[in-house]
Amino acid sequence: MEYNFRKIEADWQKYWAENQTFKAENPTLSGVEGNSIKPKYYVLDMFPYPSGAGLHVGHPLGYIASDIYARYKRHKGFNVLHPQGYDSFGLPAEQYAIQTGQHPAITTEANIKTYRKQLDQIGFSFDWSREVRTSDPNYYKWTQWIFIQLFNSWYNKESDKAEDISTLISIFSSEGNSKVKAACDHDIERFTAEEWKNFSEEKQQKILLQYRLTFLSETEVNWCPGLGTVLANDEIVNGVSERGGHQVIRKKMMQWSMRITAYAQRLLDGLAKIDWPQSLKDSQTYWIGRSEGAMVNFQILSPALSEGKGAKYMTGGNNSHILLEKAKEMRANPTQAEAILWEQIKSKKLGSKFRQQHLIEDFIADFVCLSKKLIIEVDGEIHESQVEKDAERTSILEDKGYKVIRFKNEEVIGDLESVLEKINYELSNVPLSLGEGLGERISVFTTRPDTIFGVSFMTLAPEHDLVPKITTPEQKAEVEAYIKSTAKRSELERMADVKTISGVFTGAYAEHPFTGKQLPIWIGDYVLAGYGTGAVMSVPCGDQRDYVFAKHFNLEIPNIFEGVDISEEAYADKENSVIANSDFLNGLPYKKAMKRIIFEIEQQGFGYGKVNYRLRDAVFSRQRYWGEPFPVYYKNGLPQMIDPQYLPIVLPEVEKYLPTEDGKPPLGNATVWSWDTNTNKIVSNDLMDHKTVFPLELNTMPGWAGSSSYFNRYMDVNNPNEFVSKEAVEYWQDVDLYIGGSEHATGHLLYSRFWQKFLFDKGVVPVDEYAKKLINQGMILGTSAFVYRWEFKKGKDSEFAKKTIFVSKSVMDRIIKERSAIEHTEKQLLEQDHINLLSACEVKNTIENEWSNFTPIHVDVSFVNTHDELDVEAFRNWREEYKNAVFIGESGEIISSTHSKGDGVELDKKALSFGENLGGDKYIVGREVEKMSKSKYNVVNPDQICEEYGADSLRMFEMFLGPLEQAKPWKTSGISGVLSFLKKLWKLYVVEGKFYVSDETPTKEEYKVLHKTIKKVEEDIESFSFNTSVSTFMIAVNELTALKCNKRSILEPLAVILEPYAPHISEELWKNLGHTTSISTVDFPLFEAKYLVESSKEYPVSFNGKMRFKVELPLGLSAKEIEDVVMAHEKTKEQLQGRTPKKVIIVPGKIVNIVG
RNA sequence: GCCUCGGUGGCGGAAUUGGUAGACGCGCUGGAUUCAAAAUCCAGUAAUCGCAAGGUUGUGUGGGUUCGAUUCCCACCCGAGGUACCA
């Protein structure tokens, strides 16, 4: 009775499928289906994208680990949920559709079939009744549903959670928006409740869009022309697309975004309560990028003033309280004309911000637009008698660089339209030379406000909005040239070239808020437009980048640190810094200085303490076909959600999967893609009438949409009415163990945490972190094989050089090393009859000149056996160009050569069998560990392994390779070890060719082996140390074999503890032991410590820490007794040679160490 | 540069709290079985000196703590992954 794994595995896979052995019990109103109410355990794998290439041996690694754990938990009495599905929307199927016209759904379906077959072969205990596919309308219906929930929500910072948009609307209509603390777009206009109610429906919707958790906005995105789509940051690697390596450029587009930034702090805080790998938490922490500091505003100074007598504020500033009071009063009591005009120009209605009754020096201007330096005066009766005074006032203001225009009261009241026209004209015609932007401020974010007295200049990103406004005429040409040159430099170049310092002076100055000192404003590309405000206060003594910039451009480097030398580099160590030369901060250490300066900044009103995040809102639109359609149509250009009762909105059919000619996404090709609000159905575009039929959204959702909450759907996968029922989610709660790759650290694993928190806020799920424990399985690397082509540069034209010659690994090494080896090979070459076409002279010259030039060429690992020998014929037949290649084997002999057709081949075969070399010479390939990939021909397929060694061998071997989380190379040769282990195990249950176990009582030794194994395996599984438990099984089987153990009381529990690892053989053994049900739910055998109690211990005796010999001593001896026995031992005397030991250390039960 | 993890025989890797370094497997060597091969079984296998008994060295490098260090501390070297001018 042999161990026939092929039959056993096929039989049991069939049995499991037919009996639904691994179906998780469902909760019902009364508890749990089935007979027992068991505690739940949820083991989840990251579901795969079903690619056309199928699985290689690296893919199932994590699945095997989670399967072992799931099976173990079933033995431990848990109701285990262990589902699997497919992340089946994605680019490859779409690319294939573009190339071949085959619908991605067909490609996907075929790939899933292959995957399923491959997965089934490995014997996973998945509950396939809960399978999900993200591309299945019944599944993406709920992805669309979640999108609608996000759209209908806003983030209330006060309650620190997402709330229904209706609560926001009611706040707006009761008190306007000035008091609302929400995560929203910045620069939202302020309005009162009254104003809100008077806004048009359209305007209200536009405002709400700025608050929703998913929103439409013009965003600068990573546009990839090669793929015709937008990419997320994590889809870009080194400035090119992760898939295909296409160029990526920045482009502004109308896009759906997810307001993940609202959850930045909670995503950070949540990390503390989940057991995820530290490195992954670190990645997320860095990605969210919280930094504490302050926003500080720096006033920009007039270039004219700063050249001369010293700086002054252009607005506000030095004005007396009396004037400020007066301005306030005038603002409160506008004239009729002023009120009418204000209504038209306030809130940026003309595109520029105006201030009312604003102080300019010692004048109160009626209306002023600071950025355009335009003053509007409305002359009422008060001014009529003061024409002269007004003229003087105008001339002073014009001196300051303002343009002053005046209107009479009657003009404003009578002909408002032409007044506005005139203002508009002036706004659009402000000459640059006037020094636009005066009175503007530069806002900067800094994490080191404590170093503010060390600021010696400001630096703006070249793309900063203020740059064109503040640049002086003299600097204009230089600045524009610089902006042009940096814009041209691609992201990639900028990254590769961090060292080059570049920048340009704008000619403008800012004022230091504390010292009043003038700070030159520079632009430099080391300041990034996308982070913070795109501007920095430069503190060269405290920041290395500012330091090198200052050095390079010869800017001042004031030192504000106590006792620190900054002549070589900046001092960035904040923890140990003590501030000096900084007025009220002098002598303060970092933390105290921070507190004090933020207090001062807030007191004086030019800034505030702020927490900044690096995390950006996530763009959610993709210009692709094969993704979830949005449940959105557009009415008057505004997005409308489709009522959830009409979901799913099913992906339409299209002629072509490419973008349309006019640049619309692929869905633009669909002819039936409009929404009829009458019938609530998708209808043909021809019916579009703008009354009841509207265009549907043409973008689709990104790859991560479908994977962001799939783990919740598994809990209640076939529920047509709810995403997940209350009772299902209350029972299953969350994932207990999640296994998958670390490459999703800042993508899927962050987005899904975000959605979970949102669904938690909405009361859909009961916990706000969905996975208690996560393990990243390491990658299995391929072992590539190489042949070495011996190349001749100089003798290129010779017959010899035209031949393709491959030398075996060590021959190459020898040739490179020793001259004599070459000569031998040379001789061989010459002696061989069929190389007589080359002259001795040729060979000699070639070898002498170019003897060490070898090119490694990847060879398919399937042509190589476990001894690294190449199947030369298979390799020859692989590629036409290698047909006639010459192979030089390990000993330097030519293996064979099919140099000519017909007879030649025959001759070669003869030579192989009867020649001197008799097939003794082998071609040995070179080996190198690389990532497993098709292009490297090092992919090993699990199907082949299952066929040759069996699924149980594959499972055990993958675990045996090394620690789960570590990357490790695959070497098929090792698998024979686990196969012979399984055969050996099988033999324990077989006597004289028949299955037989005896019912005798086991011996002490046999019990000891069993319980030692139970203990170790249990500990190993609990600590996910699967590789060591495979060794443990091997030791157990070796020991039981040595004991000739054939007893049921040992072999039955052994089969149970092995089941998680090798389920097929365990089931078969279990059946043969006389059981009629599956082994999978049998209780895990109980470890009993009594079997491991020892009566004696073999003490290692060390001298000065080095083990010399061992003594067997009964346990329970006291230290003194041990010492007496050991000291009396003759080997001790031998070691000591009569010396008296200085000290004797006895650790009872462990070790004896004698110090001499 | 920064962050994280790692570095142990020919190879993958063990060593649970500071206590016998190299478990287990592969490979290799020798032997048994066989007409032969496969399969199976037995023995050996860190390096080095030695016929042997036995000695010496040895967990990336250098130092330290300790009776004792692969394990703890300091400095450095190398490798893998992540990240990148984040103010």
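Below, each value reflects all heavy atoms present in this structure, side chains not excepted, and no hydrogens, waters or symmetry copies. All chains are named by letter (A, B, ...) in the order of the sequence lines, taking the proteins before the strands, and each is independently numbered beginning at 1.
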S.K.: Identify whether any heavy atom of A/S980 sits under 4.0 Å from a base atom; if not, whether one sits that close to sugar-phosphate; answer base, sugar-phosphate or nothing.
M.R.: sugar-phosphate
S.K.: Please classify the nucleic acid contact of A/P277 as base, sugar-phosphate, or nothing, using heavy-atom distances under 4.0 Å.
M.R.: nothing
S.K.: Determine the interatomic distance between P on B/G82 and the same-named atom on B/A69; round to the nearest Å.
M.R.: 38 Å
S.K.: Mind telling me if B/G63 is syn or anti? Syn here is a glycosidic angle within 90° of 0.
M.R.: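 Here the answer is anti: the torsion falls beyond 90° from 0.
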S.K.: Could you give the distance separating B/G55 and B/G50 at their C1' atoms, to the nearest angstrom?
M.R.: 9 Å
S.K.: Both distances under 3.5 Å, Watson-Crick or G-U wobble: report the partner of B/U61, or none.
M.R.: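 Base partner found: B/A75.
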S.K.: Within the structure shown, what part of the strands sits under 4.0 Å from A/R927 by heavy-atom distance: base, sugar-phosphate, or nothing?
M.R.: nothing
S.K.: With heavy atoms under 4.0 Å as the rule, sort A/N1027 into base, sugar-phosphate or nothing.
M.R.: sugar-phosphate
S.K.: Does A/Y286 make a side-chain N or O approach to OP1 or OP2 of B/C3 shorter than 4.0 Å?
M.R.: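 So the side chain of A/Y286 is outside the cut-off, no N or O lying under 4.0 Å from OP1 or OP2 of B/C3.
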S.K.: Mind checking whether A/F457 and A/F549 have ring centres under 6.0 Å apart?
M.R.: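 Under 6.0 Å, so yes.
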S.K.: Give the nucleotide from the list B/G55, B/A84, B/U16 with an atom nearest to the side chain of A/W287.
M.R.: B/A84
S.K.: Would you please say whether a donor-acceptor pair under 3.5 Å links the side chains of A/T261 and A/Y613?
M.R.: no
S.K.: With heavy atoms under 4.0 Å as the rule, sort A/L961 into base, sugar-phosphate or nothing.
M.R.: sugar-phosphate
S.K.: Just how far, in rounded Å, is P of B/C41 from NZ of A/K1044?
M.R.: 13 Å
S.K.: Side chain of A/K1097 only, heavy atoms from C-beta on: which candidate in B/C86, B/G55, B/U20 is closest?
M.R.: B/U20
S.K.: If we call it a pair only when both distances are under 3.5 Å in a Watson-Crick or G-U wobble match, what pairs with B/U83?
M.R.: B/G1
S.K.: Any luck finding a side-chain donor-acceptor pair between A/N938 and A/S784 under 3.5 Å?
M.R.: yes
S.K.: Could you work out which one of B/U16, B/U20, B/A87 sits closest to the side chain of A/V536?
M.R.: B/A87
S.K.: Taking the side chain of A/S976 as heavy atoms from C-beta outward, which of B/U40, B/C85, B/G27 is closest to it?
M.R.: B/G27
S.K.: Using the C1' atom as the point on both nucleotides, what is the distance between B/G60 and B/G54, in whole Å?
M.R.: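 Here B/G54 and B/G60 have their C1' atoms 31 Å from each other.
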S.K.: Counting only side-chain N and O atoms of A/R545, is one of them less than 4.0 Å from OP1 or OP2 of B/C86?
M.R.: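 The answer is yes; a side-chain N or O of A/R545 sits under 4.0 Å from OP1 or OP2.
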S.K.: Counting side-chain heavy atoms from CB outward, which of B/C26, B/C11, B/G19 is closest to A/K971?
M.R.: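 Out of B/C26, B/C11, B/G19, the nucleotide with an atom closest to A/K971's side chain is B/C11.
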S.K.: Are A/T1041 and A/L985 packed together at the side-chain level, in the sense that at least one heavy-atom pair is separated by less than 4.5 angstrom?
M.R.: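 No, every pair of side-chain atoms sits at 4.5 Å or beyond.
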S.K.: Identify the nucleotide, in any strand shown, that forms a Watson-Crick or G-U wobble pair with B/U16, with both distances under 3.5 Å; if there is none, say none.
M.R.: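 Partner of B/U16: none found under 3.5 Å.
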S.K.: Applying the Watson-Crick and G-U wobble criteria at under 3.5 Å, what pairs with B/A39? Answer none if nothing qualifies.
M.R.: none
S.K.: If only side-chain N and O atoms count, and only distance matters, is there a donor-acceptor pair under 3.5 Å linking A/S1031 with A/T1028?
M.R.: no
S.K.: Below 4.0 angstrom from OP1 or OP2 of B/G68, is there any side-chain N or O of A/N1104?
M.R.: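 Answer no for this pair, as no side-chain N or O of A/N1104 is under 4.0 Å from OP1 or OP2.
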S.K.: Give the rounded distance in Å between these two atoms: CZ of A/F1103 and C1' of B/G54.
M.R.: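 Atom-to-atom, A/F1103 to B/G54, this comes out as 15 Å.
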S.K.: With a 4.0 Å cut-off on heavy atoms, is A/S279 in touch with a base, just the backbone sugar-phosphate, or nothing at all?
M.R.: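 If one applies the 4.0 Å heavy-atom cut-off, A/S279 turns out to touch the sugar-phosphate alone, with no base involved.
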S.K.: Answer with base, sugar-phosphate or nothing: what part of the nucleic acid does A/T447 contact at a heavy-atom distance below 4.0 Å?
M.R.: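 Here A/T447 touches the backbone only, sparing every base.
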S.K.: Between B/C24, B/C41, B/U20, which nucleotide gets closest to the side-chain atoms of A/M1034?
M.R.: B/C24
S.K.: May I ask which nucleotide in the shown strands pairs with B/U56, Watson-Crick or G-U wobble, both distances under 3.5 Å?
M.R.: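 Its partner is B/A47 (Watson-Crick or G-U wobble, both distances under 3.5 Å).
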S.K.: At under 4.0 Å between heavy atoms, what does A/N1038 touch on the DNA or RNA strands: base, sugar-phosphate, or nothing?
M.R.: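 Result for A/N1038 = sugar-phosphate.
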S.K.: State whether the side chain of A/D1020 and the backbone N or O of A/S1029 hold a donor-acceptor pair below 3.5 Å, judged by distance alone.
M.R.: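 Checked: pair present.
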S.K.: Want to settle it: does A/D543 or A/K1106 sit nearer the 5' end of RNA chain B, counting the closest nucleotide to each?
M.R.: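 Of the two residues, A/K1106 wins.
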S.K.: Taking atom C1' of B/C3 as reference, at what distance in whole Å does atom CD1 of A/I288 sit?
M.R.: 15 Å
S.K.: For B/G1 and B/G12, measure between their C1' atoms and round to the nearest Å.
M.R.: 34 Å
S.K.: Taking atom C1' in both B/U20 and B/C67, compute the distance separating them and give it to the nearest angstrom.
M.R.: 16 Å
S.K.: Looking only at atom P, what distance separates B/C24 and B/A14, rounded to whole Å?
M.R.: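 It comes out at 14 Å once rounded to the nearest Å.
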S.K.: What's the verdict on salt bridge (charged side-chain N to carboxylate O under 4.0 Å, His left out) for A/R290 and A/E292, showing C-alpha distance, side-chain angles and the deciding distance?
M.R.: CA-CA 7 Å; A/R290 180 195 156 100; A/E292 278 175 48; 2.6 Å; yes
S.K.: What is the distance, rounded to the nearest whole Å, between atom CD of A/E928 and atom C1' of B/C11?
M.R.: 15 Å
S.K.: Applying the Watson-Crick and G-U wobble criteria at under 3.5 Å, what pairs with B/G68? Answer none if nothing qualifies.
M.R.: none
S.K.: Could you check which of B/C24, B/C86, B/G27 has an atom nearest any side-chain atom of A/I1035?
M.R.: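 Output: B/C24.
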S.K.: Rounded to the nearest angstrom, tell me the gap between atom CD1 in A/I452 and atom C1' in B/A87.
M.R.: 13 Å
S.K.: Given B/A87, B/C86, B/C67, which nucleotide is nearest the side-chain atoms of A/V1155?
M.R.: B/C67
S.K.: Look at the side-chain N and O atoms of A/N776 and state whether any lies under 4.0 Å from the OP1 or OP2 oxygen of B/C5.
M.R.: no
S.K.: Nearest whole angstrom, please: distance from the C1' of B/G13 to the CZ of A/F957.
M.R.: 11 Å
S.K.: I need the A/E743 CD to A/M779 CE distance, nearest 0.5 Å.
M.R.: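 Reported to 0.5 Å precision, the distance equals 7.5 Å.
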S.K.: Which value, in whole Å, describes the distance between the C1' atoms of nucleotides B/U29 and B/C74?
M.R.: 45 Å
S.K.: Can you find a side chain N or O atom of A/K1110 that sits less than 4.0 Å from OP1 or OP2 on B/U20?
M.R.: no
S.K.: Of A/Q966 and A/S973, whose nearest nucleotide on RNA chain B comes first from the 5' end?
M.R.: A/Q966
S.K.: Rounded to the Å, how far apart are A/D450 CG and B/A87 P?
M.R.: 13 Å
S.K.: So do the side chains of A/Y547 and A/C541 get within less than 4.5 Å of each other, counting heavy atoms only?
M.R.: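 A side-chain contact is absent here, since even the closest heavy-atom pair is not under 4.5 Å.
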S.K.: Over how many whole Å does the gap from A/Y526 atom OH to B/A84 atom C1' extend?
M.R.: 17 Å
S.K.: Looking at B/U20, B/A14, B/C24, which one has an atom nearest to any side-chain atom of A/T1028?
M.R.: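 Taking heavy atoms from C-beta onward, the closest nucleotide is B/A14.
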S.K.: Are side-chain heavy atoms of A/F1087 and A/V1017 found at a separation under 4.5 Å?
M.R.: no
S.K.: Between B/A87, B/A14, B/C85, which nucleotide has the shortest distance from any of its atoms to the side chain of A/P963?
M.R.: B/A14
S.K.: When the P atoms of B/C11 and B/U66 are considered, how many whole Å apart are they?
M.R.: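 Roughly 36 Å separates the two P atoms.
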